[in-house]
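One structure is given here, and the rest of the page talks about it.
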Amino acid sequence: MTGNLTICLPMLNGEVYLQEQLDSLLRQTRPPDRVFLSDDGSTDSTVSIAKKFQAKAPFEVRIIDGPQAGYGNNVMRLLAEAPEGHLAFCDQDDIWDEFRLERATAALFRLHLPTLLVCGKTFRPSRTNPTVRPTSANFVQSLYRNQAPANATVVNPAATRLIKENAHLLATNPSFPDWWIYSLILGHGGSLLFDPKPGLYYRQHAGNLIGARTVRGLMKRGKAILSGQHKMWKETHLLALWSCRKALTPTNRAALHKALEASRQKKIARFPIDLSRIS
C-alpha cells in the first residue's frame with residue numbers, strides 16, 4: 001500500500017453503465033481505501049445500484065447528495081468532502097483496468113511536489129506495458145487546452161492538499177474542475193506524468209459530456225464553439241485560476257494575467273473584476 005487513496009465519482013442517471021464501472025473498482029489489484037459517490041439528483045436506479053455496491057464493497061463507500069447545480073459543482077462537492085491522500089477521479093460510464101490504481105500509486109510514490117498522473121484511454125483492451133514518463137505540458141498551454149481529463153487522472157497527496165487549500169477561494173466554480181486542477185498543479189510548479197498504457201475502457205455514447213475526438217465528439221465541440229459555450233468555459237476556467245493566483249509561481253501568475261487581459265480586450269469574456277486594480 002502507498003498511503004490513503006480516495007476515488008471520487010460524480011453520478012447522474014447512470015444506471016446503464018454504472019454497475020460495470022463499480023465492478024471494475026472491486027477488481028483493482030490495489031483497492032481504494034474509500035469511494036465517495038455524489039449523486040446529483042438521479043431519477044433512475046443509479047442510487048439503488050450505488051447502495052448495493054456500498055453494502056458489498058470491502059472498503060468504505062460514502063454516498064452523498066450533490067448540489068444539483070451541474071457537473072462542475074458536483075465534482076467540487078466531492079473535492080470538499082475528500083480527505084487527504086491520493087485522489088483518483090472516476091466517471092460513471094467507464095470500465096477501469098484492474099491494474100489502474102496499482103500503477104498510478106507506484107508511479108506517484110515518493111513524489112513530494114504536487115503531481116498529476118494521466119493514464120491512457122482505450123476503446124479496446126490493450127496488453128502493452130510501457131513505462132510512465134513525464135510530459136512536455138506547460139502552464140500556458142493549460143490555459144487553453146486540458147490534457148488531463150478527470151477520468152484518466154490520479155493525484156498525489158501534495159496535489160490533493162493544493163487542490164483543497166484553493167478550492168474554497170473560488171468565487172465561481174469552474175465548468176470543468178479537472179481542467180482547473182490540471183492548470184493549478186502546473187501553475188504551482190508541479191508536474192504531470194503520462195502513462196500511455198490504457199488504464200480504462202472509455203465508452204462512447206450520446207450522453208458523453210464532451211466525448212473523444214471522434215466525429216461525434218468533434219461535432220459537440222463545434223456546437224459549443226458556435227453557441228458561445230466554449231467561451232464561457234474558458235472564462236470560468238481563467239477566473240477560477242485568478243481566484244487562487246497566490247498559489248501560482250510569479251511567472252505563471254503573470255502569464256495568467258496576460259491571458260485574462262487578452263480575453264477581455266477581445267471581448268471573449270464578461271469579466272466581473274477589474275484586473276488592473278488587483279495585484
Side-chain angles (χ1 to χ4, degrees), residues 5-14 16-28 30 32 35-40 46 50 53 66 70-79 82 86-105 107-108 115-126 132 135 137 142 145-156 159-160 163 174-185 192-214 216-217 220-221 233 237:
L5 189 152
T6 302
I7 293 176
C8 293
L9 197 165
M11 305 185 301
L12 178 63
N13 294 330
V16 176
Y17 303 100
L18 181 61
Q19 186 63 63
E20 288 183 282
Q21 175 65 303
L22 296 178
D23 288 344
S24 74
L25 302 187
L26 294 173
R27 293 193 296 268
Q28 292 297 299
R30 192 291 187 207
V35 176
F36 283 7
L37 308 164
S38 181
D39 184 72
D40 214 31
T46 292
F53 171 71
Y71 169 79
N73 288 298
N74 197 22
V75 174
M76 295 303 292
R77 172 68 190 280
L78 281 165
L79 291 175
H86 291 86
L87 277 185
F89 300 92
C90 182
D91 282 355
Q92 65 185 6
D93 51 358
D94 297 324
I95 300 175
W96 280 16
D97 179 87
E98 62 184 325
F99 299 104
R100 165 83 190 279
L101 293 181
E102 181 180 350
R103 285 179 61 83
T105 52
L108 292 168
T115 307
L116 184 153
L117 180 140
V118 180
C119 75
K121 297 187 286 185
T122 185
F123 296 93
R124 301 180 182 86
S126 173
V132 176
T135 75
S142 81
R145 181 184 177 191
N146 180 19
Q147 297 187 67
N151 64 336
T153 61
V154 181
V155 302
N156 70 345
T160 300
I163 292 164
S175 302
F176 295 97
D178 53 342
W179 190 6
W180 171 72
I181 289 169
Y182 169 54
S183 289
L184 176 65
I185 291 174
L192 175 71
L193 299 177
F194 178 64
D195 182 354
K197 179 178 180 180
L200 60 90
Y201 174 62
Y202 181 64
R203 292 186 278 188
Q204 283 284 279
H205 54 85
N208 290 131
L209 189 60
I210 295 295
R213 292 186 178 275
T214 58
R216 177 183 290 165
K220 284 190 174 183
R221 287 174 171 83
W233 291 341
H237 177 61

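Numbers here simply count residues along the sequence, with the first being 1.
A donor-acceptor pair is defined here as one N or O able to donate and one able to accept, closer than 3.5 Å; no such pair exists between the side chain of Arg77 and the backbone of Gly66. Asn74 contributes a side-chain N or O that, together with a main-chain N or O of Ser38, makes up a donor-acceptor pair within less than 3.5 Å.
Shortest non-hydrogen contact noted between Ile95 and Gln21 is CA-OE1, 3.6 Å. Scanning both residues, Ala137 and Tyr182, for their nearest heavy atoms gives CB-OH, 3.4 Å. In this structure, Ala150 and Asp178 approach most closely via the heavy-atom pair N-OD2, 2.9 Å. Pairing each heavy atom of Ala104 with each of Leu117, the nearest pair is CB-CD2, 4.1 Å. Annotation for Trp96 and Phe89: closest pair CZ2-O, 3.7 Å, computed over non-hydrogen atoms. The heavy-atom pair separating Pro174 from Trp180 by the smallest distance is CG-CB, 3.8 Å.
Between Ile185 and the options Asn156, Leu116, Thr153, a side-chain contact (heavy atoms from CB on, under 4.5 Å) holds for only Leu116. Ile181 pairs with exactly one of Leu87, Leu79, Thr160 by the side-chain contact (heavy atoms from CB on, under 4.5 Å) rule, that one being Leu79.
Residues Ser183 and His237 have side chains that bring a donor and an acceptor to within less than 3.5 angstrom of each other.
Atom CG of Asp91 sits about 4.5 Å away from atom CG of Asn151, to the nearest 0.5 Å. Atom CG of Leu9 is separated from atom CD of Gln92 by 7.0 Å, given to the nearest 0.5 angstrom. Interatomic distance, Leu12 CG to Leu18 CG, rounded to the nearest 0.5 Å: 11.5 Å. Of the inter-residue distances, the one linking Thr122 atom OG1 with Tyr201 atom OH reads 8.5 Å to the nearest 0.5 angstrom. For the atom pair CG of Asp97 and CZ of Arg27, the computed distance is 9.5 Å after rounding to the nearest 0.5 Å. In this structure, the separation between CD1 on Ile7 and CD on Gln28 is 6.5 Å, given to the nearest 0.5 Å.
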side-chain contact (heavy atoms from CB on, under 4.5 Å) between Leu101 and His86, intermediate numbers included: CA-CA 10 Å; Leu101 293 181; His86 291 86; over 6 Å; no
Could you walk me through whether Cys119 and Arg100 satisfy the side-chain contact (heavy atoms from CB on, under 4.5 Å) test, starting with their C-alpha distance in whole Å, then the side-chain angles of each, then the deciding distance to 0.1 Å, before giving a yes or no? CA-CA 8 Å; Cys119 75; Arg100 165 83 190 279; 3.6 Å; yes
Could you go step by step and tell me if Val75 and Phe176 meet the side-chain contact (heavy atoms from CB on, under 4.5 Å) rule? CA-CA 9 Å; Val75 174; Phe176 295 97; over 6 Å; no
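In this structure, the side chains of Arg30 and Leu5 come closer than 4.5 Å at one or more pairs of heavy atoms.
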